[in-house]
Each structure stands twice: as structure tokens, then as C-alpha cells.
There are 2 protein chains.
Amino acid sequence: MSRTFSAPHLVNPDTRSRVLSTAESLGYRPNRAARALITGRTHNIGLIVADIANPFFPPLIKAAESQARQRDYHLFVADTNEDPIMEEQLVQALAKQVDGVLLCSPRMSNDLIEKLRREVPLVVVNRAVDGLPAVVMDVANGAKAAIEHLVGLGHHDLALLGGPRGSWTNREIRRSAMAAAKLAGANLTVLGPHQPTEAAGAAACDAVRATGATAVLAYNDLMAIGLLEALHDRGVDVPGELSVVGIDDIMLSRLIRPKLTTVSTPTAAAGRAAVDMLLQHDDERRTNALVTLQTELIVRDSTGPNPH
Amino acid sequence: MSRTFSAPHLVNPDTRSRVLSTAESLGYRPNRAARALITGRTHNIGLIVADIANPFFPPLIKAAESQARQRDYHLFVADTNEDPIMEEQLVQALAKQVDGVLLCSPRMSNDLIEKLRREVPLVVVNRAVDGLPAVVMDVANGAKAAIEHLVGLGHHDLALLGGPRGSWTNREIRRSAMAAAKLAGANLTVLGPHQPTEAAGAAACDAVRATGATAVLAYNDLMAIGLLEALHDRGVDVPGELSVVGIDDIMLSRLIRPKLTTVSTPTAAAGRAAVDMLLQHDDERRTNALVTLQTELIVRDSTGPNPH
DNA sequence: ATGAAAGCGCTAACAG
DNA sequence: CTGTTAGCGCTTTCAT
């Protein structure tokens with residue numbers, strides 16, 4: 001009898017235990033897909049990220065999965081390869097199989113997000129979208145702290161190694177870094193857009209040096225690390241000749257030499273928060289809920305005083 | 001009419017296109033859960049790993065997801081936190097929702113795997129189980145090559161930094177390393193079991209030094225890197241005083257200094273192969289199919305001649 | 001080549 | 001409190 005599983009409280013304890021033991025001996029397990037058909041709740045969540053192998057995402061995925069399963073949900077994970085078109089396809093493909101989708105660091109337009117939210121409940125991570133539940137990191141404040149840190153070290157000529165087109169985070173960083181530089185009376189040259197990868201960071205090395213900057217803020221740690229590698233190959237001393245700051249504080253950043261100064265973003269907390277927002281009942285959910293997670297500048301060894 | 005989607009070839013092209021355009025205008029998408037109920041095929045795959053945030057797994061997950069979706073399958077990802085009990089629970093929880101489960105680096109017993117395979121088709125990665133489709137890396141050969149490399153550098157006193165209990169890979173490495181050391185007339189001290197983490201590698205530093213070994217092979221790169229960090233903190237020069245070899249060739253390993261000498265394992269290929277094995281029709285599937293992927297020793301900067 | 005009907009495993013609603 | 005019934009969206013079988 002299905003009530004034993006779906007509404008245990010209004011069934012006779014005797015009957016219940018009898019059913020339970022029979023079920024046990026038969027190895028019976030309720031079929032969630034069949035249940036979903038009638039209840040409309042699948043107890044599945046979709047998680048869409050730009051690149052599973054980008055070290056930024058695994059801690060987020062892990063935290064989301066853990067939080068989801070604690071609430072008896074399973075997690076679909078899908079990878080868009082940084083392709084906005086793939087994002088749309090994936091949301092639609094998963095829509096019928098999940099109770100909601102976590103869209104992490106989307107590259108698609110806000111208009112498209114608006115369209116997709118009508119097909120399936122959406123929570124967006126790393127993007128603020130009007131009227132949509134979202135989890136963002138306060139990267140603006142982080143970028144500001146990074147610029148102030150560099151200016152405090154005597155740097156006047158700064159460069160920003162920009163991230164991918166379509167990234168809300170990238171826009172926030174640029175806006176905030178430009179404002180902070182202006183306020184401090186420093187020059188800031190903006191480079192980009194670039195893919196958020198180590199290879200792109202390395203490839204941008206010469207462009208960075210051509211700006212004449214003595215300090216660089218990168219869109220993320222991966223690009224900063226790529227830049228560091230290329231700088232090392234060219235015999236440029238960090239932080240002696242050039243200071244480098246990243247954003248994210250991925251595991252790598254404290255393991256490389258010099259240890260990377262970076263803005264730490266709470267990725268695991270973001271994963272948990274996103275799951276919580278998706279799963280909290282609609283009546284509690286304010287449609288414009290926006291959770292902003294704090295960031296923190298971690299000063300390590302890749303930044304130093306202006307050599308000039 | 002459902003035939004339009006499930007058996008397009010035996011429907012009148014006119015009718016078909018008419019149905020299709022109507023469906024399109026209604027935004028209709030077939031419900032896979034309902035389809036699964038009757039066909040018995042969910043078009044979903046479960047992927048169970050010990051730790052999503054362990055850098056070894058993301059490339060495997062990414063490759064598996066990509067391969068699965070190319071074949072119109074979605075991927076559930078779950079994390080066991082290195083807990084064998086969680087492995088069992090997860091397989092059972094996913095069993096009804098998937099057409100098969102990819103069990104990566106399982107820590108559970110072979111007996112339990114035998115039991116679970118009766119509930120859901122299983123493909124095992126990083127473990128050879130009799131009569132079960134499996135994808136393994138030839139770590140035995142990799143460990144042998146590592147030992148020979150170290151002996152070739154003049155090292156006679158070696159240590160093996162062992163991995164987790166229950167790991168087939170760990171047993172393979174130990175067996176092969178011991179055989180290779182014996183053959184070369186070198187001493188090999190085996191340490192462990194340890195968690196396969198950077199922290200555990202660092203924590204084992206003093207134990208490693210106490211063995212008097214001049215060269216160490218670690219269960220994986222993460223442990224080797226932890227060891228390197230601890231060695232650095234203690235002012236021990238690598239490879240001047242101690243040589244270190246890892247296994248896996250995770251992205252980190254070529255980014256740290258000294259760059260880690262390691263045995264590269266084809267993790268992406270393993271993810272793809274596992275999906276392929278699961279999805280190939282049962283009639284083609286030999287029950288004892290075992291795919292063995294080759295490994296390769298990558299000599300970088302963490303190994304050098306015996307100082308004595 | 002197409003329409004109609006049965007039924008996958010489950011829950012909801014309704015009787016008892 | 002418990003047995004029965006209808007039907008979720010789809011595919012399959014059986015008619016036509």
C-alpha cells in the first residue's frame with residue numbers, strides 16, 4: 001500500500017510495519033519516476049555549469065550535491081563548454097525531469113533566461129536577474145579591495161585581464177575595478193574578452209606587458225595562473241617586476257609559487273544556498289530574492305610594492 | 001501522435017510534419033519519465049565518485065557527461081565522501097532512475113558489488129571485478145615504470161605512500177611497486193593506508209622521512225603535492241634531498257614547483273569508455289569485458305639522482 | 001498508415 | 001483507518 005511510503009502518519013502502525021517488512025523482504029523500492037508522473041515532483045535537480053573541469057566548479061557541485069541529497073533530491077550535472085546555445089538546450093532537455101535548474105555562471109542573455117524560467121523553475125548563480133532567485137558573490141567589493149591593495153603598494157598603472165563575454169561577474173569586476181582605480185587616481189587598462197582558462201591567461205601575457213602596468217587583476221585564478229606561468233617562462237619576476245591578483249581562491253592558488261594573492265569566493269556556500277533557494281516552498285520564496293555572499297581578499301606572495 | 005517521435009519511419013511524412021509543427025507551436029516536449037515507465041529505459045546514467053572536489057575526478061565526470069549526452073543520456077552525479085556505506089546507498093537510490101551506474105574508484109567489497117549488480121547494470125572504473133564490465137588504468141605498469149625511473153637515478157631506499165583502504169588501484173600499485181623494487185634489488189617501505197588527500201600527504205611527511213628513503217612514490221598526485229608542501233615547510237629540498245613521484249597527472253602537477261614527476265592516467269578516456277560500455281547493447285557485451293587503459297611516466301622536476 | 005485501448009507504477013480522491 | 005478507482009504521459013498492441 002502506497003500510503004505507507006507517502007503518508008506514514010495516517011496509517012495504522014501495525015499495518016505499516018507489516019507492509020514495510022513485506023516490502024523489505026521483496027526488495028521493493030518505490031519508483032520515483034512513476035511517482036513523479038502523478039505528483040509532478042521529480043525530486044531531481046539540474047545543475048548546469050560552464051565547465052566541470054574548471055577548478056572553480058567542483059567545490060560548488062560537491063556542495064550542491066550534498067545539500068540536495070540531504071533533502072532527498074538527486075542531481076543531474078551538465079556541462080555547456082562555455083557555449084550559450086548549449087545552455088539553452090540543456091535547460092530544455094532537463095526541464096521535464098527536474099523540479100528546477102541551477103544555472104551557474106550563465107553566458108546567455110537575460111532575455112533568454114526570462115524565457116526559460118517559464119519552462120522550469122530556475123535559480124541563477126553568479127548573476128543577478130531581476131525577479132529571479134539568484135546567488136551572487138560580492139565580486140565588486142572583492143575587485144575594489146584588490147585594486148586598493150595594489151594602489152596601497154604604490155602601483156599606479158594597472159591592468160584588468162577580462163573574462164568571457166556574457167559573464168555578469170566579468171561586468172561587475174570591470175565596473176568596480178574601474179571605479180576603484182578612478183577613485184584612487186590610478187590608470188586601469190582593460191583587456192579582453194578572454195576565455196576564463198589558464199591557456200587564455202598565458203596567451204594574454206604579452207598584451208598585459210604591453211600596457212606598461214606594474215600590477216594586474218585577473219578575472220579568475222585560472223587566468224592569473226596562466227599568466228604567472230607565461231611570465232615565468234619569460235623570466236619576469238613576480239612580484240618583483242609585476243604583481244598579479246586573481247579571483248576565486250581555487251585550491252591551486254595556494255599551491256603554486258609564488259602563492260597567488262586572490263579574492264576568495266565562497267563557492268561551496270553558493271552551491272548550498274542555490275539548492276536551498278530552489279527547494280524552499282514557493283510561498284516563502286520572494287520572486288526577487290537575491291543572496292549575496294561576501295568575498296575576501298587573501299594576500300599571499302604574488303603581490304608586492306611597485307618597483308618604479 | 002506518439003509514433004512521430006518513437007518510430008518516425010513508419011508514419012506518413014505528411015502526417016509527421018503536421019504533427020511536428022503543431023507540437024512545435026505548442027512547445028510540446030515528450031516526457032521522458034513517462035516514457036521510461038513503459039519502455040523501462042530512463043535514458044539516464046548514474047555516476048558515483050568518491051569526491052567530486054578531488055581534482056582527479058572532474059575530467060572524468062566531464063568526459064562521461066559529454067559522451068552520455070552525445071548519446072542522448074543525462075547524467076546523475078553523486079559523491080560518497082570516500083564512504084563505502086554511502087556508495088551502497090547511492091547505487092540503490094539511483095537504481096530505479098537510471099539505466100546503469102558508473103561506479104568510480106569504489107571502496108566497497110567485491111561481494112557488495114556483486115549484490116548491487118543484480119539491482120542495476122554496473123560498470124566499474126578503477127577496479128577489476130570478475131564478470132563485470134570494468135575500465136581500469138594500467139597503474140601496475142605505471143608504478144613499475146616509476147620505480148625503475150627512481151632506481152635508474154641511483155635510489156636504493158624507496159618509500160611507497162599508500163592510498164585508501166579498499167582501493168583496487170592502491171593494491172595494484174603496492175603489488176607492482178614491491179615486485180619492481182625486489183627485482184631491482186631496492187628496499188621499499190610501504191606506508192598507509194591513508195586518505196587520498198593533500199592533507200594526508202602532508203601529514204605523512206615525517207613518517208616518510210623516518211623511513212630513510214631517498215625517493216617516494218605516492219598513491220596519487222594530491223598526496224605527493226601535500227608531501228611536497230610539507231617538505232618545503234621543513235626546508236627539505238626536492239629533488240636535491242628527496243625525490244617524489246605521483247600518480248594521475250592532474251592539472252595541478254605541472255603547475256606547482258618543482259613540477260611533479262608523475263604517472264599520467266587517461267581519466268577522460270576512462271569516463272568515455274565507461275559510458276560506452278554501459279550503453280552498448282547487452283548482446284554485444286561480454287560479461288567479463290575489461291578495458292585497460294595505458295599509463296605513461298611523465299618525468300618532470302621532482303625527481304633527481306640519489307644524493308648519497 | 002492511422003485510431004483506439006490497455007497499462008507501465010504510482011498517488012489522489014473517494015468510499016466504506 | 002483502509003480498500004478501491006481513476007489517471008499522470010507515454011508506448012505498445014490490436015483494430016481498422
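All values below come from the heavy atoms of this structure, side chains included, with hydrogens, waters and symmetry mates left out.
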Minimum-distance nucleotide to A/A34 side chain [options: C/dC10, D/dC10, C/dA12]: C/dC10
Between [X] ([atom1]) and [N] ([atom2]), how many Å, whole number?
X     : N      : atom1 : atom2 : value
B/L37 : C/dG7  : CG    : P     : 14 Å
A/R18 : D/dC1  : CZ    : P     : 15 Å
B/R35 : C/dC8  : CZ    : P     : 19 Å
B/N31 : C/dC8  : CG    : C1'   : 13 Å
A/R41 : C/dA12 : CZ    : C1'   : 16 Å
B/Q97 : C/dC8  : CD    : P     : 20 Å
A/I38 : C/dC8  : CD1   : P     : 15 Å

Each stem that DNA chain C is part of, given as range with range (3 or more consecutive Watson-Crick or G-U pairs, under 3.5 Å): C:1-11 with D:6-16, C:13-16 with D:1-4
P-based separation of C/dC10 from D/dC1 [nearest Å]: 24 Å
Separation of the C1' atoms in C/dA6 and D/dT5, to the nearest angstrom: 16 Å
5' priority, DNA chain C, between A/P30 and B/N12 [closest heavy atom]: B/N12
Full working for side-chain contact (heavy atoms from CB on, under 4.5 Å) between B/V49 and A/E65: CA-CA 12 Å; B/V49 300; A/E65 197 273 336; over 6 Å; no
Distance-only side-chain donor-acceptor flag, B/N44 / A/Q97, under 3.5 Å: yes
Side-chain donor-acceptor pair present, A/S105, A/N126, cut-off under 3.5 Å: yes
Contact under 4.0 Å: A/T15 side-chain N or O vs D/dT2 OP1/OP2: yes
Ion pair check, B/E87 and B/R107, cut-off under 4.0 Å: no
Touch class at under 4.0 angstrom, heavy-atom based, for A/R29 against every strand present: sugar-phosphate
Considering all heavy atoms, the nearest B/T42-B/D99 contact: N-OD1, 2.7 Å
Pairs where residues 30-68 of chain A contributes a residue and the test ring pair (Phe, Tyr, Trp, His ring centres under 6.0 Å) is met, not counting sequence neighbours: A/H43-A/Y73
B/R35, B/R32, B/R41 screened by salt bridge (Lys or Arg N to Asp or Glu O under 4.0 Å) with B/D72, the one that passes: B/R32
